Amino acid sequence: MDFARKSLFSLILIACCFLKCNAQKNQQVENLTAFAKAYGYVKYFHPSTEADQVDWGWFSVYGSEKVMQCQSKEELLHTMQQIFEPIAPTLHFSLADPSTESPIEISPSKGEGYLPVYWQHFGVSKDMNKGNPIYRSVLVNSLQTADGDQNGSSGNQNSTGNNTGNTELAPAQPLFQGSPNENEIWTKQIGKDLWIRMPLVLYSKDGQTYPKSSTDIDAFMTSEEQSTPTDASALSFRCGNLINAWNVFQHFYPYFTEMNIDWEVELEASLRRTYTGDFDGHMNELKRLTAALKDNHVSVMDSESPYFTPPLDVAWIEGQLVITEVYDTTLDLKLGDTIEEVNGTATQELYEDIKPLISAATQGWFDFMAPILMVAGKPNTELSITVAGKTHELKRKRNYYAQKDSIKSLTHGYQFLGDGIVYLDLDELSMDTINQIMPQLEKSKAIIADVRGYPNSNHGFINHLLTEKDKHKWMQVDHFIYPDQQDIPGFSEFGWEMQPKDPYLGDKKVIFITDGRAVSYAESYLGFIEGYNLATIIGQPSSGTNGNINSFTLPGDYTITFTGLRALKHDGSQLHGIGFLPDVYVERTIEGIRTGRDEFLEKAIEIAKE
């Protein structure tokens with residue numbers, strides 16, 4: 001009996017400990033979620049001088065560390081006010097709906113020389129990596145240098161703020177029409193019992209907003225940095241990175257509606273997952289979060305490329321992992337061999353396991369990326385594959401894409417197939433080469449253009465298929481002045497404005513081949529082909545993601561890329577998640593790989609001869 005009582009007592013004690021730990025975790029996740037929302041509102045839309053000076057990469061970790069320690073809503077309120085006050089002195093938190101509270105004082109008693117300042121985002125460039133000048137973020141009327149850096153800051157969240165350009169300062173001009181109303185207060189419930197209030201417009205004079213923080217920002221960061229974790233072995237570091245990344249998309253990602261994404265659910269799920277994570281798993285945590293975006297441009301990279309593969313290429317065909325190229329003739333492997341296991345795991349199981357880690361707008365893109373990632377890894381690491389019951393030990397020696405480029409054909413990207421048919425591999429063919437063979441193209445009866453990949457800057461070929469000046473606007477960059485993508489005042493739209501050019505090649509039969517590998521620039525190409533009915537499209541749907549990318553780097557040197565604008569089909573309909581659909585569908589088969597046939601090209605030739 002004593003033993004039974006002791007066992008029962010032990011079970012009750014274990015259950016109580018479990019419930020207490022689970023309750024503590026739930027409280028921390030609620031705290032982190034509230035902090036995440038406040039973090040994004042202040043980072044991108046609070047117009048104080050101090051908020052534009054803080055290192056937001058560091059602050060995401062610092063704030064996560066602080067709020068995780070709070071054990072009650074009162075303690076969370078106090079902590080949130082305390083950590084945000086140095087960078088946003090006009091920010092207020094409350095435990096009840098603040099709609100009846102008195103106005104926030106933002107107007108200086110003597111207003112001479114003060115200008116209203118507020119954020120405008122054309123897409124977003126604040127704290128993003130430099131490289132794509134189409135995206136801009138401006139704190140309107142703040143002082144900025146002639147080269148566009150506000151207060152000399154580069155805008156990268158890992159920047160030191162040093163400026164090497166023109167240091168002459170002038171008020172930043174608006175990017176577009178539209179601004180929050182003066183005295184407009186952003187009020188939002190950010191937690192179960194927590195509200196935030198903050199002005200979207202402040203007044204600035206001589207580069208300083210009113211009221212000025214009582215805390216020196218540099219001194220504030222210096223004093224707190226010593227106790228802030230600096231790598232992904234710490235839970236607060238991982239939470240900070242997830243919060244930082246989540247907010248970029250929350251306020252600026254263009255495809256939430258089209259892809260039916262509940263982004264708030266993804267925030268909570270990612271925070272809960274990281275509680276059982278560690279340093280090595282942080283990359284996958286970021287991949288899981290961004291995979292939910294269903295964006296083919298999404299990638300999560302650290303300083304060491306994971307895309308190293310053994311000397312072979314693979315594809316997912318007829319539900320199996322199939323070898324499509326063998327680059328090392330000493331290997332006892334053949335085209336069309338099916339791989340049964342990778343490192344002892346069945347390929348069907350790997351296919352399912354990898355789904356949560358790939359951001360794919362369409363099945364075609366997933367089926368292109370999944371096989372690569374099944375065999376890819378860090379440089380010079382080993383893997384084993386099982387084919388027909390036999391295990392082969394391989395080493396990942398070369399970058400996947402460099403390996404692909406090294407074996408491009410010796411035909412310079414074109415072939416004369418007889419019967420007046422010319423084949424153009426747009427993935428390889430340069431525009432200079434197209435121009436060199438233009439006389440033969442002009443005399444041909446049919447042209448087959450292959451865009452099963454990424455064209456080689458040769459879209460000038462489209463000019464020779466057009467009969468009218470291109471006026472289509474199929475790219476849109478949204479204008480943001482409010483958080484959570486609310487009340488977007490408008491967007492700017494762009495196209496390529498292409499012109500017809502001699503010789504005209506559209507008087508012959510033109511066939512374009514495509515499949516799920518065709519992404520981004522390839523889909524810009526296909527947009528003209530479909531939009532102006534320039535050719536017959538055959539194969540499989542393209543990947544369904546286009547538009548200029550944007551990118552940012554998190555603490556720990558994790559770099560994330562994504563689509564920063566909305567790209568449409570030329571008729572204004574949705575492209576993302578759909579792709580360009582072929583007029584004639586073709587399936588790739590294992591038998592075709594084994595016998596060295598290209599069923600897509602065969603079908604194109606058949607149509608060309610009709």
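If you're wondering where the values come from, they're calculated on a predicted model, not measured in any experiment. Because only heavy atoms are used, hydrogens play no part in the values below, and waters and symmetry mates are left out as well, while side chains stay in.
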Should the heavy atoms of other residues, nucleotides or ligands under 6.0 Å from [atom1] of [X] be counted, would the total exceed 12?
X      : atom1 : result
Lys205 : NZ    : yes
Asp571 : CG    : yes
Asp262 : CG    : yes

Looking only at atom types and distance, does a side-chain atom of [X] sit under 3.5 Å from a main-chain N or O of [Y], one as donor and one as acceptor?
X      : Y      : value
Thr215 : Ile217 : no
Asn132 : Asn548 : no
Gln120 : Gly178 : yes
Asn241 : Pro555 : yes
Tyr521 : His459 : yes
Asn247 : Ala36  : yes
Tyr255 : Gly577 : no
Ser125 : Met128 : no
Glu268 : Ser270 : no
His472 : Trp474 : no

Can you tell me how far the [atom1] atom of [X] sits from the [atom2] atom of [Y], to the nearest 0.5 Å?
X      : Y      : atom1 : atom2 : value
Gln208 : Thr49  : CD    : OG1   : 4.0 Å
Ser236 : Lys66  : OG    : NZ    : 10.5 Å
Ser543 : His576 : OG    : NE2   : 9.0 Å
Cys70  : Leu76  : SG    : CG    : 5.0 Å
Arg238 : Thr274 : CZ    : OG1   : 4.0 Å

State, with a plain yes or no, whether a side-chain heavy atom of [X] is found less than 4.5 Å away from one of [Y].
X      : Y      : result
Leu271 : Ile243 : yes
Glu184 : Val201 : no
Ile196 : Phe84  : no
Lys188 : Lys37  : no
Phe93  : His78  : no
Thr290 : Phe562 : no
Val117 : Val140 : no
Ser492 : Met475 : no

Distance-only polar pair, side chains of [X] and [Y], donor-acceptor under 3.5 Å:
X      : Y      : answer
Glu285 : His282 : yes
Asp484 : Gln250 : yes
His297 : Ser359 : no
Glu523 : Ser542 : yes
Thr545 : Trp365 : no
Asn141 : Tyr118 : no
Asn546 : Ser524 : yes
Ser137 : His121 : yes

Please report the shortest heavy-atom distance between [X] and [Y], naming the atom on each side.
X      : Y      : answer
Gly123 : Phe252 : O-CD2, 3.5 Å
Gln28  : Met68  : NE2-O, 3.2 Å
Thr553 : Asn129 : OG1-ND2, 3.0 Å
Pro47  : Leu200 : CG-O, 3.6 Å
Val477 : Ile134 : CG2-CD1, 4.1 Å
Lys569 : Gln574 : CE-O, 3.6 Å

Item to check | Trace of the ring-ring contact (aromatic ring centres under 6.0 Å, His included) decision for Phe176 with His479 | outcome: CA-CA 8 Å; Phe176 48 79; His479 304 164; 4.2 Å; yes
Item to check | side chain to side chain contact (heavy atoms under 4.5 Å, CB included) between Thr561 and Asn550, worked out | outcome: CA-CA 6 Å; Thr561 64; Asn550 208 343; over 6 Å; no
Item to check | ring-ring contact (aromatic ring centres under 6.0 Å, His included) evaluation trace for Phe528 with His570 | outcome: CA-CA 7 Å; Phe528 282 87; His570 282 228; 4.6 Å; yes
Please report whether the ring centroid of [Y] lies less than 6.0 Å from that of [X].
X      : Y      : answer
Tyr482 : Phe45  : no
Trp263 : Tyr253 : no
Trp186 : Tyr41  : yes
Phe122 : Tyr135 : no

Next on the checklist: The test is side chain to side chain contact (heavy atoms under 4.5 Å, CB included); show your working for Val300 and Leu357 and say whether it passes.
Outcome noted: CA-CA 10 Å; Val300 181; Leu357 302 178; over 6 Å; no
Checklist entry - Using 30° and 60° as the class limits, which term best fits the ring planes of Phe59 and Phe220: parallel, tilted or perpendicular? => result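 Rings of Phe59 and Phe220: tilted, 30 to 60°.
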Checklist entry - Of the options Asp52, Thr209, Thr90, which is the one that meets His46 in a side-chain hydrogen bond (donor to acceptor under 3.5 Å, both in side chains)? => result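 In the set Asp52, Thr209, Thr90, the residue that makes a side-chain hydrogen bond (donor to acceptor under 3.5 Å, both in side chains) with His46 is Thr90.
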Next on the checklist: Pair Tyr532, Ile462 - check side chain to side chain contact (heavy atoms under 4.5 Å, CB included), show working.
Outcome noted: CA-CA 10 Å; Tyr532 287 99; Ile462 298 170; over 6 Å; no
Next on the checklist: side chain to side chain contact (heavy atoms under 4.5 Å, CB included) for Asp127 and Lys43? Distances and angles first, verdict last.
Outcome noted: CA-CA 9 Å; Asp127 280 11; Lys43 177 179 179 178; 3.3 Å; yes
Next on the checklist: Using side chain to side chain donor-acceptor pair (under 3.5 Å), reason through Asn26 and Glu30 one step at a time and then give a plain yes or no.
Outcome noted: CA-CA 6 Å; Asn26 289 341; Glu30 287 181 13; over 6 Å; no
Next on the checklist: Any carboxylate oxygen within less than 4.0 angstrom of a Lys/Arg side-chain nitrogen, looking at Glu497 and Lys469?
Outcome noted: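 Salt bridge flag = no for Lys469 with Glu497.
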Next on the checklist: Would Ser303 and Asp557 count as a side chain to side chain donor-acceptor pair (under 3.5 Å) here? Give the steps.
Outcome noted: CA-CA 7 Å; Ser303 57; Asp557 286 334; 5.9 Å; no
